[in-house]
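Below is one structure, written out as structure tokens; the observations come after it.
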Amino acid sequence: MIGSAVKCDICGRQKQETNHWLVAITRPEYEGILFVPVEASGLRVEGYTHEDICGEDCMHKRLSRWLTDLNAPAPTTESEAA
């Protein structure tokens, strides 16, 4: 049986049998992020972003990126700036 290798969306590390991975789940219109163990993540749901996270260090990096994006000023269009 040939399967695709699962890699961390933050650092690129390949998942092994004994890793304790997480899935970061977000949805663009909601201001929230959820981290769940990969075993409990269930099926991937359309409309949500699912990122494979290899461990605590990469989870912290992903959370930091989410917080930075949350606090970034909203982009303005030329019509709003005028």
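One-based numbering along the sequence shown. These numbers come from a predicted model, not from an experiment.
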Subject >> Option among His50, Lys15, His20 that satisfies the side chain to side chain contact (heavy atoms under 4.5 Å, CB included) test with Val38 >> reply: Lys15

Report, one line per pair, each donor and acceptor closer than 3.5 Å where one atom sits in a side chain of residues 51-58; sequence neighbours left out.
| residue | atom | partner | partner atom | Å |
| --- | --- | --- | --- | --- |
| Glu51 | OE1 | Arg62 | NE | 2.5 |
| Glu51 | OE1 | Arg62 | NH2 | 3.1 |
| Glu51 | OE2 | Arg62 | NE | 3.4 |
| Glu51 | OE2 | Arg65 | NH2 | 3.0 |
| Asp52 | OD1 | Arg44 | NH2 | 2.8 |
| Glu56 | OE2 | His60 | NE2 | 3.4 |

Original post:
About how many Å separate CH2 of Trp66 and CZ of Phe35, when rounded to the nearest 0.5 Å?
Top reply: 9.0 Å

Subject >> Heavy-atom pair with the smallest gap, counting every atom of Trp21 and Arg13 >> reply: CH2-O, 3.3 Å

Subject >> Close side-chain approach of Thr49 to Ile25, heavy-atom, < 4.5 Å >> reply: no

Original post:
Taking atom CE of Met59 and atom CG of Leu22, what is their separation to the nearest 0.5 Å?
Top reply: 6.5 Å

Subject >> Nearest atoms (heavy-atom pairs only) where Gln14 meets Ala5 >> reply: NE2-CB, 3.4 Å

**OP:** Kindly give the heavy-atom pair with the smallest separation between Ile33 and Ala24, and that separation in Å.
**Re:** CD1-CB, 4.3 Å

